[in-house]
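What follows is a single structure, written as structure tokens, with notes after it.
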Amino acid sequence: MSAGWTEERVVRLRELWGSGMTAAQIADELGDVTRNAVIGKANRLGLSKPGRPRSVKPKPSPRRHIAPRPAQGLRPEPEETPEAPLAPPPPPGALPQHRRCQFPIGHPGDDDFRFCDHETVSGKPYCNYHCRVAYRQRVAAA
DNA sequence: CCCTGATTCGC
DNA sequence: GCGAATCAGG
């Protein structure tokens with residue numbers, strides 16, 4: 001079964017990728033994807049560092065042949081993350097669990113891994129800050 | 001030979 | 001858009 005790249009999974013990918021996790025680790029964490037899929041998706045998202053622009057390749061015809069691709073050149077840089085929520089989350093019991101931001105903080109599997117726990121915005125599973133992080137590209141048009 | 005991310009290109 | 005195959009570097 002292939003769970004497509006839902007927004008939640010994309011968000012996890014972004015966080016994990018930025019957290020210094022390797023593609024293999026991320027793939028294992030997300031599950032149901034290979035590291036190639038993770039890297040491929042990361043590339044499409046505009047992540048990935050232009051450190052090694054692999055270009056010089058004869059490309060004899062290992063698979064099939066030509067495809068009129070005009071090259072990709074520049075890719076849009078992702079916006080910088082907005083202001084981080086420095087304020088501490090509400091104390092336990094101050095909010096019902098379903099009103100707490102479910103955004104993962106830290107490295108999954110790590111000892112201090114936890115969730116954001118700030119108050120959520122509306123019906124969203126995340127707080128104001130993480131909604132912007134999570135749904136950055138969405139809610140644009142119009 | 002193991003791993004890493006990056007790119008290409010058929011689907 | 002997706003991801004295996006492939007590449008290139010450590």
Side-chain angles (χ1 to χ4, degrees), chain A residues 1-92 95-142:
Chain A
M1 248 318 256
S2 311
W5 284 106
T6 62
E7 285 182 61
E8 267 192 47
R9 282 165 68 95
V10 171
V11 169
R12 301 264 282 141
L13 170 59
R14 296 193 99 129
E15 278 297 300
L16 271 35
W17 189 275
S19 293
M21 298 242 329
T22 66
Q25 282 285 94
I26 296 170
D28 188 64
E29 173 64 32
L30 290 173
D32 205 33
V33 279
T34 65
R35 76 178 194 91
N36 286 345
V38 169
I39 292 170
K41 183 57 179 176
N43 249 305
R44 272 167 250 130
L45 286 171
L47 300 163
S48 78
K49 298 153 300 218
R52 293 179 358 278
R54 196 176 61 103
S55 302
V56 53
K57 273 301 111 168
K59 277 286 174 165
S61 294
R63 219 160 281 101
R64 291 304 129 81
H65 69 95
I66 52 95
R69 300 186 68 272
Q72 52 189 71
L74 302 175
R75 75 180 71 76
E77 291 184 37
E79 290 184 20
E80 296 179 31
T81 52
E83 39 191 298
L86 298 177
L95 289 173
Q97 192 58 39
H98 71 278
R99 294 280 289 138
R100 286 180 179 278
C101 178
Q102 298 173 40
F103 201 93
I105 303 295
H107 299 186
D110 208 349
D111 196 35
D112 59 341
F113 173 71
R114 83 284 189 194
F115 292 98
C116 172
D117 276 346
H118 279 81
E119 186 175 357
T120 56
V121 173
S122 52
K124 302 289 180 58
Y126 303 123
C127 69
N128 182 40
Y129 165 71
H130 285 125
C131 272
R132 275 176 294 174
V133 175
Y135 306 116
R136 209 177 282 179
Q137 195 175 26
R138 297 271 307 188
V139 289

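Only a predicted model underlies this, so the values are computations on that prediction, with no experimental measurement involved. Residue numbers begin at 1 in each chain, while the letters A, B, ... track the order of the sequences.
- For Asn36(A) and dG5(B), the CG to P distance is 11 Å, given to the nearest whole Å.
- Whole-Å rounding puts the Asp32(A) CG to dG3(C) P distance at 9 Å.
- dA5(C) atom P lies 18 Å from atom CG of Asn43(A), rounded to whole Å.
- If you measure from atom CG of Leu45(A) to atom C1' of dG5(B), you get 15 Å, rounded to the nearest angstrom.
- Proximity of Arg12(A) to Leu30(A): side-chain heavy atoms (C-beta onward) are separated by under 4.5 Å at one or more points.
- Between Trp5(A) and the phosphate of dG3(C), there is a side-chain N or O to OP1/OP2 separation shorter than 4.0 Å.
- Remark: C1' of dG3(C) and CG of Leu13(A) are 13 Å apart, rounded to the nearest angstrom.
- Atom CD1 of Ile39(A) and atom P of dG5(B) are 5 Å apart (whole Å).
- Nucleic acid contact class of Ala24(A) (heavy atoms, under 4.0 Å, all strands): sugar-phosphate only.
- One can place CG of Leu47(A) at 12 Å from P of dT7(B), the figure rounded to the nearest angstrom.
- Of all nucleotides listed (dG5(B), dT7(B), dT6(C)), dG5(B) comes nearest to the side chain of Lys49(A).
- The distance between atom CZ of Arg44(A) and atom P of dA4(C), rounded to the nearest whole Å, is 10 Å.
- When each of Arg35(A) and Gly4(A) is assigned the nucleotide of DNA chain C bearing its nearest heavy atom, the one mapping closer to the 5' terminus is Gly4(A).
- Qualifying side chain to side chain contact (heavy atoms under 4.5 Å, CB included) partners for Pro96(A), counting only residues two or more places apart in sequence or in other chains: His98(A), Arg99(A).
- Scanning both residues, Arg100(A) and Pro91(A), for their nearest heavy atoms gives NH2-O, 2.7 Å.
- Under the side chain to side chain contact (heavy atoms under 4.5 Å, CB included) criterion, Arg44(A) pairs with Lys41(A), sequence neighbours left out.
- Among dC2(C), dG5(B), dT7(B), the nucleotide with an atom closest to any side-chain atom of Lys41(A) is dC2(C).
- The Thr22(A) side chain lies nearest to dT4(B) when the options are dC2(C), dA6(B), dT4(B).
- What you find for Arg9(A) and Gly31(A) is that their closest heavy atoms are NH2-O, 3.3 Å.
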